[in-house]
Amino acid sequence: MKSTICGRANRLLNLGLKTSAVALAVSISTVSYAQEAAEASDEAAVEENGEIIVTGLRYGLATSINTKREELSIVEAVSAEDIGKLPDVSIAESIARLPGLTAQRVNGRAQVISIRGLAPDFSTTLLNGRQQASSGDNRAVEFDQYPSELLSSVVVYKTPDASISGMGLAGTADLRTVRPLEFGRRAFAVNLRGEVNSGSKLNSDVRNYGGRFSASYIDQNEAGTLGWAVGFAHLDAPSQNRHYKAYNYETFCCGQENRITPAAARSSSFLTGQEIFAYSRLNKRDAAIGILEWQPDDRTHVTADLYYSTFKQRETMRGAQWFSNVWADNQTFANVTTTDVGGTSVGVTGSNTGVAPIIRNDYNTRKDDLFSAGLNGEFDMTDRLSFLADLSYSRNKRDESITETYAGFGCCVTSANQNNNRTFDTIGWDINGLLNGQFPTYSEGLNYADASRVSLGDRAPWGGWGHDGQTKEPHVKEEVYSIDLGFQYDLDGFFDSIDAGLNFTSRDKTKRVDEYDLMLKNGRLQTLVGSDFLVSPTSLGYAGFGEVLSVNLRDAIPQYYDRITFINNDTYDKAWGINEEVLTFRAKATINSGNLRGNIGVQVVNQRQSSSGSAINQTQSPTQVVAVNKSKSYTDILPSLNLVYDLGGGHRLRLAAAKVLARPRMDEMRANFTPSFGNPCGGSPPCVPGQTVNPWSASGGNPDLEPWRAKAIDLAYEWYLGKASYISIAGFYKDLDNYIYTQRQQFDFTGLPLPPTASNIPAGVIISPIGQINQPANGKGGSIKGIEISAALEFGKLTSALDGFGFIGSYSYTKSNLRPTASTNPTTVQATRIPGLSGTVYNLTGYFEKWGFQARASYRYRSAFKGEVTQLFAVRGLTEILADDQLDAQVGYTFQEGSSLAGLGVLLQVNNLTDSPYRTRLGVDGGGPRTTDGSFLPETYEKYGRQFLFGINYRF
């Protein structure tokens, strides 16, 4: 029987993968254990039995390339040596450099991954071949929960294999841990890093330095029948974020433009709101693995895996926000200068009188708790027949608390007249920097750090917000249970083996958001903050604003605020539960005939889905909330084919074809809906007795959603020039049968009581229960296609003078005609794009490794794309993220054999070397304010600073 990893991962290796990847991959320090055998030589490659053995970074690269070469599916791979050489915060940073993959930065960190231009929800993430639960709102796994130190390798499958249940439409990322028996010997490694963010602390009570520690131990008994591995990784990482956001741009009319001087500027567009926030975060993660592997004889192989991580985040934010809008009472724009932006005149400098900035103090926490367990057995029943069984469980739980409070200049009143609660200022502005990719500059007239003048309280214009702060607490829990059973029978001839089996997976996910208003004690009277609850003021000087009052919010909230439970229609709409039970029957034949290898197979997938939620009937007073439960089932047949033809001389051709699917977003499957009732008889001509009217309408989720389905074909050419050198050109085409987007559908409102307003409909008019609902629905599909070029080259193959130097790079171009909208307007349709799609993505890495020295610089770029982010009120939404890039670099040295410090390595690393900004624009797709020539105006501008790490590692 062929060697296996576990569960579905067993069958991945059964495709013919015969590699030392696992032995190499266990390295969880900066330097691979596999390097030990070669460190007696000063060279990065040695000759053994006539074969060139590549070591060090190139050894890790060679292992990844070997995985790519030997797999029957089209894959990308990264080994622990690659990860260890650039010790990232999470595995996301590492796999984001693979061809065709991109990462979305969230608070400066790579968090979610898109494969081939499709949103993260189109992909599946496995750990040792088993599906993982997500703490996100949907299916996408947040990779920063997986420390790179504890993973041996990652294989990203771009084409499906019939033996793997739950593969994604875009691709599947399989995260793998070590197998101690295959590693074959005792090893212990420790890794220690210190890190600091560039610049001074943004908030004085949150440090900007931290550290990381990891340790791993691998061993086995003398007989080599029982092996074990344990590992632990601790992360204490700070991050900082200088944040600016523009709300909107507006041209004023109707007499309000008279508040603008000089008169020549009155027809210009003006920025009408802004915020300047300083974020400081502490991210703490503790993760551990435990692996037990038992192989008492050649016929029995049992492996048990445990993985646990807890990720805690604490975020402190302080800053100022205000409206700059002459529609507001008392506001004027003076001394305005303008400039031409895309044919539109924009007010870029001036002073704004009558402004009352809101001083914000926010405190947010989040805890993610991930646990995964698996038990795998492989048993040879005869010389040809084997039985495979795998049991697994994965649970992910997220608890968040998001709190914001408001303050402003002046004290201490409360009044029905909102302006009596506000002290007005004159603020100068210069947004030339914003229009040119930098922070704008402001100058205020009042001291917003003066604790004797700045008080807590609602300062919002136009009547205020009705509360002095608020807290929202999202709670998400997902559990995945799975059993996988199968048989494999080895053959002689064209087909090398056949295997068949079934997989049953149950997935439960629930979400709710608890909400609270914060009201100042003593009847919401504006209140000064005592010195016991103050910390040093926070400077917003990076945007010219000066300092703002900084409150220790954790201690101040119980002292100054009453917390009042807040419930409205959205509260019920954010609460839902989804259960899925998926039964997959599979069969596959593996081809091994001369130069031709591959597999052909089929899956029959039956899914039963049920959704629980609420009918939120606001047509009644008070609002009636009625539980709703709906279910649906469907069956799909998914054939797949993977072929590899060896042309000789390292040249290979690959062809893959398959039907694939991705299950719908869970928040879109919610059974919630909110009905409305209109009066169609209020116009002309009037309704008459006997006439049927349809006054019901609604918005909500859709528990009847079916998956995204597609047909996919891939073609690739690969040329393997050496163990650590290759060139690949691949093209793909996916024809999506459908796509899910919001549509207007027919809906049956039977069972809902008629509201009191139904009396306005004349007697004798028939009120139909059939109405319309705006909800996600399966609609017209389209295609997505692309080309991927990747290469790795050891320059020493060109000339010995460059021995030790090398290059790794990839370029991807993706295009789609998917237009997820029901609009018939050609302009709107052309402007709408799918989330996660960047047309151009490329990664470049240059390295040097010789005599124990290592140096590496990596640059990655992705063009503008539509990304999903957390927006106001803890709601997920879409924004237009502009082109994003990042440069990372590191240097290190490992002491060689013969030195008293042999086995010790030192490392210096700088992430985000160029301090690349994160930028968005106003609007999504074709929406948002635009200039005369059609250009868009900037919205968010953030800078995270550079991250410096210095570390040591030791292994023996």
Side-chain angles (χ1 to χ4, degrees), residues 248 250 253-256 327 462-463 466 567-576 611 613-630 632 668-705 740-780 819-829 831-832 873 875 923-928:
N248 194 22
E250 186 175 346
C253 69
C254 312
Q256 299 302 316
W327 285 104
W462 296 296
I567 298 176
N568 67 1
N569 294 340
D570 285 342
T571 307
Y572 297 109
D573 195 36
K574 294 172 186 174
W576 45 264
S611 175
S614 302
I616 309 159
N617 191 355
Q618 60 186 357
T619 68
Q620 302 294 314
S621 183
T623 297
Q624 294 182 358
V625 180
V626 180
V628 177
N629 293 277
K630 296 195 68 176
K632 184 176 181 177
E668 293 184 341
M669 293 170 63
R670 70 192 192 281
N672 300 337
F673 69 96
T674 304
S676 300
F677 191 92
N679 183 5
C681 298
S684 179
C687 298
V688 297
Q691 179 182 347
T692 299
V693 294
N694 304 87
W696 288 104
S697 62
S699 62
N702 186 354
D704 293 332
L705 281 176
I740 297 171
Y741 55 90
T742 300
Q743 302 176 49
R744 194 161 181 82
Q745 304 279 306
Q746 183 174 288
F747 192 79
D748 188 350
F749 293 85
T750 299
L752 291 182
L754 292 176
T757 56
S759 61
N760 297 326
I761 297 178
V765 174
I766 302 170
I767 299 176
S768 172
I770 305 301
Q772 300 288 316
I773 185 171
N774 286 325
Q775 63 179 178
N778 298 92
K780 182 180 178 182
R819 308 298 179 191
T821 176
S823 172
T824 58
N825 184 323
T827 302
T828 303
V829 172
T832 305
F873 312 122
V875 173
V924 180
D925 296 321

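- D573 is linked by a side chain to side chain contact (heavy atoms under 4.5 Å, CB included) to I616, R670, N672, counting only residues two or more places apart in sequence or in another chain.
- Residues passing the side chain to side chain donor-acceptor pair (under 3.5 Å) test with E668: none are found, sequence neighbours excluded.
- Residues that satisfy the side chain to side chain donor-acceptor pair (under 3.5 Å) test with D748, not counting sequence neighbours, are T750.
- Separating the CZ atom in R744 from the OG atom in S699 is a distance of 10.0 Å, to the nearest 0.5 Å.
- Pairing each heavy atom of C253 with each of W327, the nearest pair is O-CZ2, 3.9 Å.
- Between A671 and G613 the shortest heavy-atom distance is CB-N, 3.9 Å.
- Not counting sequence neighbours, the partners of W696 by the ring pair (Phe, Tyr, Trp, His ring centres under 6.0 Å) test are F677, F749.
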With a 3.5 Å cut-off and sequence neighbours excluded, list the donor-acceptor pairs that the side chains of residues 752-766 form with protein atoms.
unit_1, atom_1, unit_2, atom_2, d
S759, OG, P756, O, 2.9
N760, ND2, T757, O, 3.3

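- Scored by the side chain to side chain donor-acceptor pair (under 3.5 Å) test, T571 finds E515, N568 as partners (sequence neighbours excluded).
- Note: M669 CE to K632 NZ = 10.5 Å, rounded to the nearest 0.5 Å.
- Of all heavy-atom pairs between S768 and P695, the closest is O-CD, 4.1 Å.
- Legend: residues meeting side chain to side chain contact (heavy atoms under 4.5 Å, CB included) with P686, ordered by chain and number and at least two apart, are absent.
- Rounded to the nearest 0.5 angstrom, N694 CG and I770 CD1 are separated by 8.0 Å.
- Here the shortest heavy-atom pairing between G700 and P776 reads O-CD, 3.3 Å.
- For residues 685-701, no pair satisfies salt bridge (Lys or Arg N to Asp or Glu O under 4.0 Å), with sequence neighbours left out.
- Summarising the local packing, CZ of F747 is surrounded by more than 12 heavy atoms from other residues, nucleotides or ligands at distances under 6.0 Å.
- Legend: salt bridge (Lys or Arg N to Asp or Glu O under 4.0 Å) pairs involving residues 684-704, not counting sequence neighbours, sorted by first then second residue: K630-D704.
- In terms of the side chain to side chain donor-acceptor pair (under 3.5 Å) criterion, residue partners of N617 (sequence neighbours excluded) are, by chain and number, T619.
- With sequence neighbours excluded, the residues that form a side chain to side chain contact (heavy atoms under 4.5 Å, CB included) with Q618 are N569, T623, T674, S676.
- Taking the side chain to side chain contact (heavy atoms under 4.5 Å, CB included) definition, one finds that Q775 meets it with N702, Q745, I773, sequence neighbours left out.
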